[in-house]
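Please find one structure pasted underneath; my questions will follow.
Order of the sequence lines sets the chain letters (A, B, ...), proteins ahead of strands, with each chain counted from 1. Just so it is clear, the model here is predicted, and its values are computed rather than measured.
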Amino acid sequence: MNIYVGNMSYNVSESMLRETFEEYGSVDTVNIITDRDSGRPKGFAFVEMKDDGQARAAIEALNGTDLEGRNLSVNEAKPRAPRPTGGSRW
DNA sequence: GTTGAGCGT
């Protein structure tokens with residue numbers, strides 16, 4: 001399951017996020033989003049967990065909790081938006 | 001500071 005983690009502090013790194021989620025299950029990947037044009041953090045991240053039960057547990061456990069002085073928003077992630085000028089040739 | 005990317009991996 002993909003997990004969205006928003007309202008993050010810029011002090012948290014991917015390893016910190018991973019360790020935080022590892023408390024509730026096995027983390028597959030963690031991906032902190034940075035602005036590709038400016039290279040600065042966007043303040044949110046995605047965590048992928050293979051086990052849905054563990055993912056849900058992590059979401060309920062970590063949503064609304066404080067991390068590095070920021071209140072986290074954790075919930076299931078939505079699929080990435082399709083880009084304009086990409087994919088289809090129609 | 002709130003829903004990710006990239007040009008042939």
Query raised in the report: CG of A:Asn75 versus C1' of B:dT2: gap in Å, rounded?
Result: 9 Å
Query raised in the report: Mapping A:Asn2 and A:Pro41 onto DNA chain B by nearest heavy atom, which one lands closer to the 5' end?
Result: A:Pro41
Report summary line: Comparing nearest nucleotides in DNA chain B, the 5'-proximal residue of the pair A:Tyr10, A:Asn31 is A:Tyr10
Requested in this report: Applying side chain to side chain contact (heavy atoms under 4.5 Å, CB included), name anything that partners A:Asp52, two or more places apart in sequence or on another chain.
Outcome: A:Met1, A:Arg56
**Report entry** Nearest-angstrom distance from the residue atom CD1 of A:Ile32 to P of B:dA5
**Finding:** 14 Å
Query - Spacing between A:Met8 atom CE and B:dG4 atom P, to the nearest angstrom - result: 14 Å
Requested in this report: Take atom CG of A:Asp35 and atom P of B:dT3, then tell me their distance rounded to the nearest Å.
Outcome: 12 Å
Query raised in the report: Which pair of heavy atoms, one from A:Ala58 and one from A:Met49, lies closest together, and at what distance?
Result: CB-SD, 4.0 Å
Report task. Could you list all the side-chain hydrogen bond (donor to acceptor under 3.5 Å, both in side chains) pairs where at least one residue sits in residues 14-30 of chain A, not counting sequence neighbours? Result -> A:Ser13-A:Ser15
Requested in this report: Could you pull out all residues at least two apart from A:Asn7 that satisfy side chain to side chain contact (heavy atoms under 4.5 Å, CB included)?
Outcome: A:Arg70, A:Asn71, A:Ser73
Query raised in the report: Rounded to the nearest 0.5 Å, how far does CG of A:Leu72 lie from CG of A:Leu62?
Result: 7.0 Å
**Report entry** Nucleotide B:dT3, atom P - distance to CD1 of A:Ile33 in whole Å
**Finding:** 10 Å
**Report entry** Gap in Å between the two C1' atoms, one belonging to B:dT9 and one to B:dA5, rounded
**Finding:** 11 Å
Report summary line: In numerical order, the residues of residues 44-66 of chain A whose heavy atoms come under 4.0 Å of DNA chain B are A:Phe44, A:Phe46
Query raised in the report: When clusters are formed from ILVMFWY side-chain contacts under 4.5 Å, directly or step by step, what else is grouped with A:Phe44?
Result: A:Tyr4, A:Ile33, A:Phe46
Query - A:Tyr4 OH - B:dT3 P separation (whole Å) - result: 5 Å
